[in-house]
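Each remark here refers to the structure printed beneath this line.
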Amino acid sequence: MLPRPNELLARYVALWNEKDAERRRAMVYEMYAPDCVYVFYRKDPIRGHAALLDQLAYTHEVYGPMGYEFRSSHNATGHHDVVRFNWVMVSAATGEMEMSGQDILVLAEDGRIQADYQFHDRMPSSFSYNDGYEEHGVAVRHARPTRTGAPAS
């Protein structure tokens, strides 16, 4: 049975905000098919549970110390095996939006996420993003955001 779109969105945002690595692991195994693919802004596709867990850990390592969290836009829609929704990344202290985006999920027959395509609608203003890519779209270095005005590492 396929999940209701906004219920799936709530679980999705909870996953990206989950600080505990073991809870994240359990959530990924529950929500994503074992051979899932996650494709997002200028990065090679991520395939499988282990790679997705590494991406989640990286997200927490980078954005957690900056004080950001993800929130739902409560606008999930779906038909057949596809769900589309928006999200925002905000300052946990002020609620000010820093980044926004949209995901399109393709669900497997069991309701787990088979493919997750992420698009960024608004890029951050408080940090510059060394995305690790050259113009042709091939990764050439490890991506790392840097606070605006801060020396690059």
Side-chain angles (χ1 to χ4, degrees), residues 1-92 95-127 129-139 142-145:
M1 178 164 170
L2 298 179
R4 292 183 179 179
N6 278 304
E7 290 173 2
L8 178 59
L9 172 52
R11 290 173 44 221
Y12 186 92
V13 169
L15 169 63
W16 286 90
N17 284 325
E18 179 55 58
K19 293 179 173 126
D20 183 81
E22 287 307 311
R23 281 190 227 140
R24 280 197 310 263
R25 178 179 305 283
M27 292 169 82
V28 163
Y29 278 75
E30 178 185 325
M31 293 176 63
Y32 282 83
D35 60 344
C36 64
V37 61
Y38 174 64
V39 183
F40 69 111
Y41 178 71
R42 297 188 72 171
K43 186 162 182 163
D44 295 334
I46 292 170
R47 299 182 188 283
H49 288 159
L52 182 57
L53 287 164
D54 288 345
Q55 180 62 37
L56 283 156
Y58 169 80
T59 299
H60 281 274
E61 173 191 321
V62 171
Y63 299 121
M66 291 183 187
Y68 294 120
E69 66 184 23
F70 297 94
R71 294 193 184 157
S72 166
S73 293
H74 306 286
N75 67 341
T77 59
H79 62 79
H80 296 86
D81 61 347
V82 178
V83 175
R84 177 186 69 186
F85 57 80
N86 294 86
W87 52 267
V88 294
M89 185 177 79
V90 301
S91 164
E96 184 177 337
M97 182 174 65
E98 183 60 29
M99 183 188 298
S100 66
Q102 179 179 102
D103 280 65
I104 297 172
L105 308 178
V106 179
L107 305 179
E109 287 184 17
D110 65 2
R112 291 193 288 175
I113 299 166
Q114 183 67 57
D116 181 349
Y117 297 92
Q118 185 178 99
F119 300 85
H120 293 170
D121 298 325
R122 176 182 169 188
M123 295 303 287
S125 60
S126 69
F127 58 90
Y129 197 75
N130 161 16
D131 63 11
Y133 277 76
E134 297 299 333
E135 288 304 311
H136 48 70
V138 175
H142 188 66
R144 272 284 191 229

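Please read these numbers as outputs of a predicted model, since none were measured by experiment.
Side-chain atoms of Asn6 and Phe85, non-hydrogen and from C-beta on, never get closer than 4.5 Å to each other. The side-chain heavy atoms of Glu69 and Met89, taken from C-beta on, include no pair separated by under 4.5 Å. Side chains of His60 and Arg24 form a contact here, defined as non-hydrogen atoms less than 4.5 Å apart. For the pair Val82 and Ile104, the minimum side-chain heavy-atom distance is below 4.5 Å. Residues Leu105 and Leu8 are in side-chain contact: their nearest non-hydrogen atoms beyond the backbone lie under 4.5 Å apart. Met27 is not listed as a side-chain neighbour of Arg25, based on a closest heavy-atom distance of 4.5 Å or more. Side-chain contact between Tyr12 and Glu7 is absent, with no heavy atoms from C-beta onward closer than 4.5 Å. When side chains are defined from C-beta on, Met31 counts as touching Leu15, because their heavy atoms get closer than 4.5 Å.
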I would like to know whether Val83 and Thr77 meet side-chain contact (heavy atoms from CB on, under 4.5 Å); could you show each step before the answer?
CA-CA 6 Å; Val83 175; Thr77 59; over 6 Å; no
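In this structure, Tyr32 has no ring pair (Phe, Tyr, Trp, His ring centres under 6.0 Å) partners at least two apart in sequence or on a different chain. For His49, the ring pair (Phe, Tyr, Trp, His ring centres under 6.0 Å) partners are Tyr29, not counting sequence neighbours. For Tyr38, the ring pair (Phe, Tyr, Trp, His ring centres under 6.0 Å) criterion is met by Trp16, Phe40, not counting sequence neighbours.
The structure places OG of Ser100 at 4.5 Å from CG of Asp121, a figure rounded to the nearest 0.5 Å. Interatomic distance, Glu61 CD to Leu56 CG, rounded to the nearest 0.5 Å: 12.5 Å. To the nearest 0.5 angstrom, Arg4 atom CZ is 14.5 Å from Leu9 atom CG. Atom CE in Met97 sits 12.0 Å away from atom OH in Tyr68 (nearest 0.5 Å).
Looking at Glu30 and Arg112, no side-chain N of the basic residue comes within less than 4.0 Å of a carboxylate O on the acidic one, giving no salt bridge. Ion pair Arg23/Glu18 flagged as a salt bridge, since at least one NZ, NE, NH1 or NH2 atom sits closer than 4.0 Å to an Asp/Glu carboxylate oxygen.
Of all the heavy atoms in Leu52 and Ile46, the pair that sits closest is N-CG2, 3.5 Å. When every heavy atom of Pro5 is checked against every heavy atom of Gly78, the shortest pair comes out as CG-N, 3.9 Å.
Heavy atoms of other residues, nucleotides or ligands lying less than 6.0 angstrom from CZ of Arg84 number 12 at most.
In this structure a side-chain-to-backbone donor-acceptor pair under 3.5 Å is missing from Ser73 to Asn75.
Residues Asp103 and Tyr117 bring no donor and acceptor atom of their side chains to less than 3.5 Å of each other. For the residue pair Gln114 and Asp81, no side-chain donor N or O sits within less than 3.5 Å of a side-chain acceptor on the partner.
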